[in-house]
2 protein chains.
Amino acid sequence: MIELSDTNASAIAERFKALGEPMRLLLLEALRRGECSVGELAERTGGGQANVSKHLQVLLQQGYVDRRKEGTTSWYRITDPQVFRMCELVCGGLEQELDRKRKLLRRRK
Amino acid sequence: MIELSDTNASAIAERFKALGEPMRLLLLEALRRGECSVGELAERTGGGQANVSKHLQVLLQQGYVDRRKEGTTSWYRITDPQVFRMCELVCGGLEQELDRKRKLLRRRK
DNA sequence: TTCTTATATTACTAGGTAGTTGTACTTACT
DNA sequence: AGTAAGTACAACTACCTAGTAATATAAGAA
């Protein structure tokens, strides 16, 4: 069992860092519907082809997505749906955080 | 309910990015035992005082930790233990990823 | 007041990274 | 062969950030 210790904090941080980029989150969300090509992903997210391709390499490297080549097109898909569970957790935390900040603002009035 | 859409992908990414740094993960792990001062955290993590303080500001800003001042010392503590659930998820994913890469290496031999 | 302690902040440097442009590569089609 | 489509990669720029050193701030002790 991997734990959050000195030795592997870097590897764990790398996985979090891969999710710490808006474009990569949008790519994962777009892939949620199912397998998708690079061109389609660029269209759905509004990003440039080269940039989308580069972000997909990061997600591939960290094992969040998998790739299947067919002719000239690359088909990407989510490998571990747990990533959306993580998004839900961080969304929940974000909601609490927004509530907390709203209360602080109200108290200042 | 907050969702992973175009409008709030940035806010969600910010929260992931805060966890995408080894030193900050070590700080959270050190805080797991309970409330702790900056000096103690610097000692436990082996980081410099200024650096630890700066990282704590990031965790504070994102709501992962809370602060209580007493005299000249600041006491930090975890606000939402859910953050460790996220670490477990990412550790699980990391384990799978390592297994996958090990298998790839074996296949090449 | 002066000194000490604990923390926060500022300024700086080195390294990293997102986005873009251009290009190379691969496959399929004619 | 040549051409077109889809993707990956290299080079570049602009920006961001981790770490450090020095300083500022604040509370207490002498």
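The basis for the numbers below is simple: all heavy atoms, side chains too, and nothing from hydrogens, waters or symmetry mates. Just so we're on the same page: letters track the sequence lines, and every chain starts at 1.
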- Message: The criterion is salt bridge (charged side-chain N to carboxylate O under 4.0 Å, His left out); which residues satisfy it with B:Arg100, sequence neighbours excluded?
- Response: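 For B:Arg100, the residues satisfying salt bridge (charged side-chain N to carboxylate O under 4.0 Å, His left out) (neighbours in sequence not counted) are B:Glu97.
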Distance check needed: [N] [atom2] versus [X] [atom1], whole Å only.
| X | N | atom1 | atom2 | result |
| --- | --- | --- | --- | --- |
| B:Gln57 | C:dT7 | CD | C1' | 9 Å |
| B:Arg68 | C:dA6 | CZ | P | 16 Å |
| B:Gln62 | D:dT17 | CD | P | 11 Å |
| A:Gln61 | D:dA8 | CD | P | 14 Å |
| B:Glu40 | C:dA6 | CD | P | 10 Å |
| A:Leu27 | D:dT7 | CG | P | 13 Å |

- Least distance between heavy atoms, B:Asp80 atom then A:Gln96 atom: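 Result for this residue pair: OD2-OE1, 3.9 Å.
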- Query: Taking all atoms of both residues into account, what is the closest heavy-atom pair of B:Lys101 and A:Gln61, and its distance?
  - Reply: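 Looking at all heavy atoms of both residues, the shortest contact is NZ-O, 3.4 Å.
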- Query: Between A:Tyr64 (side chain) and A:Arg15 (backbone), is there a donor-acceptor pair under 3.5 Å?
  - Reply: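 The answer is yes, because a donor-acceptor pair under 3.5 Å joins these two groups.
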Does OP1 or OP2 of [N] have a side-chain N or O of [X] closer than 4.0 Å?
| X | N | result |
| --- | --- | --- |
| B:Thr73 | C:dT5 | no |
| B:Tyr76 | C:dA8 | yes |
| A:Ser53 | D:dC9 | no |
| B:Ser37 | C:dT7 | yes |

- Item | Nucleotide nearest A:Arg67 when distance is taken to its side chain, options C:dA8, C:dA6, D:dA8 |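 The closest nucleotide is D:dA8.
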- Task: Report, as yes or no, whether the 6.0 Å neighbourhood of atom CZ on B:Arg33 holds more than 12 heavy atoms from other residues, nucleotides or ligands.
- Result: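 Atom CZ in B:Arg33 is not crowded, with 12 or fewer foreign heavy atoms closer than 6.0 Å.
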- Message: Quick check on B:Glu43: does its CD atom have over 12 non-hydrogen neighbours (other residues, nucleotides or ligands) under 6.0 Å away?
- Response: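 Atom CD in B:Glu43 is not packed in, count stays at 12 or less.
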Protein-nucleic acid N or O pairs under 3.5 Å, nucleotides 18-28 of chain C:
from	atom 1	to	atom 2	distance (Å)
C:dA18	OP1	A:Arg24	NH1	3.4
C:dA18	OP1	A:Arg24	NH2	3.2
C:dG19	OP2	A:Asn51	ND2	2.8
C:dG19	OP2	A:His55	NE2	2.6
C:dG19	O5'	A:Asn51	ND2	3.1
C:dG19	N7	A:Lys54	NZ	2.8
C:dG19	O6	A:Lys54	NZ	3.0

- Message: Suppose the criterion is salt bridge (charged side-chain N to carboxylate O under 4.0 Å, His left out): which pairs have a residue in residues 84-96 of chain A, not counting sequence neighbours?
- Response: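 Residue pairs with at least one partner in residues 84-96 of chain A: A:Arg85-A:Glu88.
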